[in-house]
Amino acid sequence: MWGYLLRRGIGALIVMWAVATLVFFMLRIVPGDPFAAMLADAGDMEAVEALRRKFGLDQPMYVQYVKWFWNALQGDFGTSIYGARVPVQQLLIEALPRTLSIAGLSFVIALIIAVPAGLIAATRRNTAWDHGVTFFAFLGLSMPDFWLAILLIVFLAVNISWLPAIGYEPLSAGFWPWLSHLILPAIAVGTGFSAIIARMIRSSMLEVLKTDYMRVARAKGLANSTLIFYHALPNALIPVVTVIGIAFALLMSGAVVVENVFSIKGLGRLLIQGILNRDYPVVQGAILVVSAIFVFSNLLVDMLYSVIDPRIRYDS
Amino acid sequence: MTALLEIKDLVVEFATESGSLRAANAVSYDVSPGEIVAVVGESGSGKSVTALSVLRLIPEPPGRIAGGEILFQGSDLLALDDEAIRRVRGKSIGMIFQEPMTSLNPVLSIGRQMTEAMRLHLGLSAAQADQRAVDLLKMVGIADPESRLKAYPHHLSGGMRQRVMIAMALSCEPPLIIADEPTTALDVTIQAQILELMKDLCRRLGVALVIITHNLGIVARYADRVNVMYAGSVIERGPAQEIYRHPGHPYTVGLLNSVPRLDRPRGSPLEPIPGNPPDLVSLPPGCPFQPRCGVATAGCADALPGLEAVAAQHWSACFRSRQVYEGALT
């Protein structure tokens, strides 16, 4: 188990290094740089050159790369080029909890909707219940999250003022202020996800309900609830967990779009502003964090397998 | 002796694209307490469907029990509500299925799967149920039963899994166990062990056993009585030894001729039954075996023969059963 974790951990670090390196060079291959964008209108090429020197952008690319890599290894991602020269770490530390809160809550909301919906659709196959779940699943899948976000703001925040329309409150400001600002973005991100998961649970359950061991369990005289929750659901969840792992990472990217609608200064907004401003250190830092979340959520899912499926063990 | 289980004129239909398929067509047989009854027939003869109907395990839809009665200890199982039939399943009638490799839930421990029925039906505590599970595993010949309780199905071989299934079927001490092709998926040597075990346990505990099989070898050695099924009906019934020596139906004769036997010369060819089983969606009006029958007469295609006694406790559904029984036609 520990040997496996170590191997996977090293693999994860290699992936993150590759992503960071790729992003580093791609940012610099694109013509132009932050200072040209800032000062080109003024036509002051002297000032542009001075700033380039100051931030080391006049040096050859490999020198910049080695410097950046060495600093990053020590946890120093540089400072934002744009604006107040805030250290990138500080920007990330402020943004990450917001994005994780949205992704986490949308994940919870999605599962709360998807698991019962999938189970109902599978156990009442071809009834009105099943058709209803299918209808709402397609509706949820077909609605772009930013559009749903706008609808939610219009109806639940503007028209009836149940929940705040924009912004974010940290958990330290209290549970309800934190939660109330997250509910709408989380619903916007989680709806499409819950539709996918509900459909997967339905088809996976239908497979499991046909198996021999379910017939054996039925022949023991067990109650329906025991059959569904203890015998069928754990088996049906095995393929679903794979998707959940990938989809959690996708929720992060959903959060990127939705953060802009709700004006939440999360990782997504940070990344988009960084790209627009050609703020190299910010983009590099943000993408490194996103890739870490992708890689480690997948690792977590592989660990989860061994919890729900006793046939999978990582000790040998 | 009154029957423990009595199936009367059971009709089971399946909805298919080409129409309603009659998997069981007025099937009747009975089982006395402590008796071992074999139900023999080829695939699609309705033997498994009949057995599954007893516990109402036919998937509905597409299946449907369209008629008949299944009396168990005097009460009609088909008339019970869902709650009541659940109390019969596992508690009064145990069931063993064909595929030991897929019959155990892969994500639940053996202990959990063995004890849940006992805790539900017998009201045992967790510790009592574990203790009884250990005793049962010992009884079915599994070594080191304590540690097996914590094992998962993939840790066990096919033969061991079928032993676990037998232990599970016996766990609530039901008066009847139905075994649907219990050894078909196992190696021949393991088959014999499992059948000996089932026979021995049923005799010792006084449990009645219905063995569903297509293997006539099993019938002669392990069963007291035999029901031969063809195209959804019982076409011959009688004591196992008697049917083996003096079959009363041309189909049974055909079955016996198509398996290798030690009392025939080595190298003598097996005689297969020509043709295929009939289409159960559109059964012909006469005897369903008539198109494949070597001794059919003109009348066989027009009328359906009923079960008629050919000897004491021996019935056959053939217009020429007397001659077949006496060996006059072979």
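Quick caveat, the model's predicted, so the values are computed rather than measured. Residue numbers start from 1 in every chain, and the chains themselves are labelled A, B, ... in the order their sequence lines are given, proteins ahead of strands.
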Please tabulate the donor-acceptor pairs under 3.5 angstrom that span chain A and chain B, backbone and side chains included.
| residue | atom | partner | partner atom | Å |
| --- | --- | --- | --- | --- |
| A/D212 | OD2 | B/T102 | OG1 | 2.5 |
| A/Y213 | N | B/T102 | O | 3.2 |
| A/A219 | O | B/G90 | N | 3.1 |
| A/K220 | O | B/H121 | NE2 | 2.7 |
| A/K220 | NZ | B/Q113 | O | 2.7 |
| A/K220 | NZ | B/E116 | OE2 | 2.7 |
| A/H231 | O | B/N105 | ND2 | 2.9 |
| A/H231 | NE2 | B/E116 | OE1 | 2.9 |
| A/H231 | NE2 | B/E116 | OE2 | 2.8 |
| A/N235 | ND2 | B/N105 | OD1 | 2.8 |

Chain A contact via B/L104 - which portion, at a heavy-atom distance below 4.5 Å: backbone
Heavy-atom pair count under 4.5 Å with chain A, highest-scoring of B/I85, B/L57, B/L120, B/L55: B/L57
Flag if over 12 foreign heavy atoms under 6.0 Å of CH2, A/W129: no
Bottom line for B/M101: the part with an atom under 4.5 Å from chain A's heavy atoms is neither
Bottom line for B/I178: the part with an atom under 4.5 Å from chain A's heavy atoms is neither
Quick one, B/V107 and A/I238 - any side-chain contact, counting heavy atoms below 4.5 Å? yes
Closest approach of B/P106 and A/P310, non-hydrogen atoms and distance? O-CG, 3.2 Å
Got a list of side-chain donor-acceptor pairs under 3.5 Å for residues 106-114 of chain A, not counting sequence neighbours?
| residue | atom | partner | partner atom | Å |
| --- | --- | --- | --- | --- |
| A/S106 | OG | A/I102 | O | 2.9 |
| A/S106 | OG | A/A103 | O | 2.8 |

